[in-house]
Amino acid sequence: MASLRDFDRRWIFLIMAVIVVGLNVTGGGGRLPVSEYVHNYYDTIEALPEGSIVMLSADFDPASAAELLPAYTATIHHLFTKKLNIVNVATWPAAPPYTVSEFGRIAPQYGAEYGESWVALGFLPGDDVAMGNIGQSLASAYPKDDVDETPYGDLPLLERVGDNMDGIDLLITMSAGYPGILEWIAQVGGRYEVPILAATTAVQTPDLFAFYPSQCAGFLGAATGATQYLQLVDEATGGAVEKERLVNQKRMAVQSGAHLFIILLIIVGNLIYFIGRRGA
Amino acid sequence: MFLALQEAVTEAPFFTLDTSQPGDVLGAWLVCFLTLAVFSFLYKDNPFYKFAEHLFVGLGTAWFTMKYYEEGIVQPIHEYITSARAAGAAGEVFELGGYPLDTAWAIGFRVVAGIFALFLLSRLIAPNGWAPRWPLAIMVGVYAALKMTGETQSKLVLLLANAVAPVTDPNKLAWGELTQNPGWRIENWDMFFSFSMGIFFVGLICALLHFVFTFKRTRVLAGVSKVGVVTLMITFGSMFGFTVLGRIALLIERIDSLDGYTDPAYSLAGDSGGFLTMAFSPPILLGAVIALTLGVGALRGRGGDSA
């Protein structure tokens, strides 16, 4: 028993690596059942009439991209498929490069013109205060865009938005933590009555259940939620995100294997603890 | 070991900054080296990990400094004042926070804000001086007001309203309807919804009563408090589960990413043959070099600090 208690934890890391690599190489995932939260996220976007304006806030960084980038990609595809317009903002300084790469890749597939169908306004420092500024006066918060420093009033889409949240029909945040969905709800959701959707990291997901559905109409919880959403978007777009869907479905299968291993470790750890305590 | 789901990269440029293109060769080797260098910490602290850590901190600091300088200094001070002066000269209306304002006042407010920001830095010269207290007082006051209004509404009033929700849901199915529905799921069952709401209500009351210290802990209150503790433990367990979910998702993404770089386009041996191509691909070759170096270091007894 003493040898088990002093077991070198690096063996556990190695076994976990073998499980993840092994399943990643050999595994292929199936279709996941879609949860109510994900359905509501999808349905809220589906319900918007063509030409509506959606504010998409990239509130994440490379550390959380593994969980949020699939949701971000799928959401952009979904919005463009529905012919909705996107105003992209960011409250995390490391987020804008993702905007550049994802919109640069996806927008041409739908013939979405910059300035007409989407704009990228970039990073705004100030956390909650920045969100309050965006809600109060988008033009004051962002006098110029982030792509080629075009003045706010010279972009046709922003002319349609006007100066505040009245011109925005839906707010979606890719939320990795602070500032994120909880701050958008507090600073914008309650004040301007804009419906809010979110994709969240796993760590932040439990906080959001209390706000659903009254303050957050739907959400994609962690990579699991993103995978479920990718399934729906893939069907709606006729396979536009097939590659991402397959990759994420396979990752979910790997995740299940890793989780089973962790559950086994918890059970074994508890057994060692209780047997050891009885012996003492 | 090729991942069938990932697109095979037939040709990869040696170096490109175009992020919409498949990854370049130099980037692939860097990504693999840094990922494996960070993972090597799981064995023990070592120079590869230290290098990756210092590089990450340095690059991160540089990026953040650049973004905050651009968006927090250049744009709100220099560009703002320039455009305010231009608007003033052209006789146009200038806005501050959505309100039209005379340009002189707009510039004045921004200059005062800049001076207050400098006051904050005066702490470096006179740590106990009066100057930093003024901007701090303004910041605390504004922030408190901002948080109080929005957060009271969203995290107190509306959450309380949610907590007294009805225990039945007309959108859910009754027992008879549920069993007749092919592919039924228990969460669509009205009785399950009512049961969940009941558990939620009891858990909420008991958890709140656990934090009531006004009254003496009678047996009844102690019992209720125990149920509250169990509720809290279940909540923390759920949070732990989600945290594990997130961390494992990050690990899987990294492994998947390394797997993608076993593509012949990134291999030093090119598409010459199965084993050689694989052996000289970035993750395998770099993994072997790092493992070998750490192994030799461990054998010589100078592989760095112990884990």
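Here the structure is a predicted model, which means the values were calculated and not measured. All values below come from the heavy atoms of this structure, side chains included, with hydrogens, waters and symmetry mates left out.
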**Report entry** A:D128 and B:L146, any side-chain heavy atoms less than 4.5 Å apart
**Finding:**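 SC-SC contact between B:L146 and A:D128 confirmed.
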Requested in this report: Run through B:F240, B:F236, B:F242 and flag the one making a side-chain contact (heavy atoms from CB on, under 4.5 Å) with A:P206.
Outcome: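 Checked B:F240, B:F236, B:F242 against A:P206; only one passes side-chain contact (heavy atoms from CB on, under 4.5 Å): B:F242.
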At a heavy-atom separation under 4.5 Å, does [X] approach chain A through its side chain, its backbone, both, or neither?
X	value
B:R254	neither
B:E79	side chain
B:Y80	neither
B:Y143	side chain
B:Y99	side chain

With rounding to the nearest 0.5 angstrom, report the [atom1] to [atom2] distance, [X] to [Y].
X	Y	atom1	atom2	answer
A:I19	B:I252	CD1	CD1	11.0 Å
A:N24	B:D256	CG	CG	4.5 Å
A:F211	B:L159	CZ	CG	4.5 Å
A:D146	B:E71	CG	CD	6.5 Å
A:S140	B:L101	OG	CG	10.0 Å

Check each atom of [X] against the heavy atoms of chain B and say whether the ones under 4.5 Å are side chain, backbone, both or neither.
X	answer
A:T205	side chain
A:Y142	neither
A:F13	side chain
A:I134	neither
A:A139	neither
A:P96	side chain
A:N133	neither
A:T224	side chain
A:A94	both
A:D207	side chain

Query - Minimum heavy-atom distance B:L250-A:A66, with the two atoms named - result: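 Distance-wise, the nearest heavy atoms are CD2-CB, 3.6 Å.
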Query raised in the report: Under a 4.5 Å heavy-atom cutoff, which of A:E67, A:E183, A:M252 has the most pairs with chain B?
Result: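 Heavy-atom pair counts peak at A:E67.
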Requested in this report: Ignoring hydrogens and angles, tell me if any N or O in the side chain of A:Q215 forms a donor-acceptor pair with the backbone of B:S154 under 3.5 Å.
Outcome: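 Present.
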